[in-house]
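Position 1 is the first residue of the sequence; numbering continues from there. Source: prediction; values computed, not measured.
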Amino acid sequence: MANPILQARTAAKQAAHLLPLLKPSMTVLDVGCGPGTISLGLAEAVPDGKVVGIDLNPASIKHAQELAVELGITNATFQVGSADDLAAFSDASFDIVHEHQLLPYLSKPVEAIREWQRVLKPGGILSLRSCSFITAVPELPGLVDYFTFLPKVLALRGGDVNAGRKHATWLREAGFDLKNARLDSMAWELSGAEGRATFAAGAGDRLREPLLGLGMATEKECDGIRDAWEEWKGMEEGRVIALDSAVLAWK
């Protein structure tokens with residue numbers, strides 16, 4: 001089953017900075033597309049064009065394919081593939097390359113961005129949106145542990161939970177001219193019973209396997225994190241508060 005947090009994503013919310021620039025016949029590559037919910041929203045915005053979604057997780061690709069059929073969207077295709085190795089695609093293949101919350105998990109982000117630039121057509125747009133800050137309140141001890149362990153787990157895997165803070169630096173190192181980029185930030189929060197239930201379901205045991213595998217926490221500590229999210233889910237004052245870097249860079 002796809003992570004509930006990923007399933008709840010939409011183009012209208014998560015790609016709001018990009019949607020006004022889409023034209024009906026554009027071709028879009030969605031890197032790290034997950035279960036395809038954003039990809040399919042992008043496909044609806046380019047009815048005469050096409051969207052290609054790639055993700056390393058075969059289960060996510062299967063979910064995206066099934067969702068496309070369910071929604072009757074025919075101009076989107078999905079395939080298993082690595083977002084930082086686009087050998088299957090020729091140079092200058094796409095009008096848009098879209099990324100959402102993938103860069104925090106990549107160990108070589110600059111190399112990935114160079115690859116995304118390669119497949120963009122001249123004048124094409126790279127759209128990035130990555131976390132710069134995130135927390136949850138009230139700060140229950142288990143949630144404090146979660147947000148303490150999360151950056152450590154990603155760092156050990158070569159990632160950066162606050163990758164959005166480095167967007168401009170990585171774009172420049174990859175060869176983009178920042179004079180031809182739009183750098184912005186988008187604050188968001190998640191609250192309400194449904195929102196809390198979605199986030200808690202996705203976060204509750206998310207870190208258990210890596211924490212135990214890396215020897216960073218005990219089963220009891222992992223249980224404490226899960227139980228804290230479960231408690232937080234039922235708190236009317238529970239909120240996730242976040243700030244994302246949302247960037248558009250023209251080739």
Donor-acceptor pair, side chain of [X] and main chain of [Y], under 3.5 angstrom:
| X | Y | value |
| --- | --- | --- |
| Gln65 | Phe78 | yes |
| Thr77 | Val52 | no |
| Lys251 | Leu120 | yes |
| Arg118 | Phe89 | yes |
| Thr10 | Lys13 | yes |

**Asked** Below 4.5 Å, heavy atoms only, C-beta onward: do Ser82 and Leu56 meet side chain to side chain?
**Response** yes

**Request:** Report the distance from atom NZ of Lys152 to atom CG of Leu211, rounding to the nearest 0.5 Å.
**Result:** 10.0 Å

**Asked** How far apart are the C-alpha atoms of Asp223 and Lys220, what are their side-chain angles, what is the distance that settles it, and do they pass the salt bridge (Lys or Arg N to Asp or Glu O under 4.0 Å) test?
**Response** CA-CA 5 Å; Asp223 289 345; Lys220 183 177 180 180; over 6 Å; no

Are [X] and [Y] close enough that a side-chain donor and a side-chain acceptor fall under 3.5 Å?
| X | Y | value |
| --- | --- | --- |
| His17 | Arg129 | no |
| Gln14 | Thr37 | no |
| Asp244 | Gln101 | yes |

**Fill in**
For Val153 and Pro210, the nearest pair of non-hydrogen atoms, with its separation, is CG1-CB, 3.8 Å

**Prompt:** Using 4.0 Å as the upper bound for N to carboxylate O, is an ion pair formed by Lys166 and Asp160?
**Reply:** yes

**Request:** Give a yes or no on whether a salt bridge exists between Lys62 and Glu66, defined as a side-chain N under 4.0 angstrom from a carboxylate O.
**Result:** yes

**Message:** Tell me whether the rings of Trp232 and Trp229 are parallel (<30°), tilted (30 to 60°) or perpendicular (>60°).
**Reply:** perpendicular

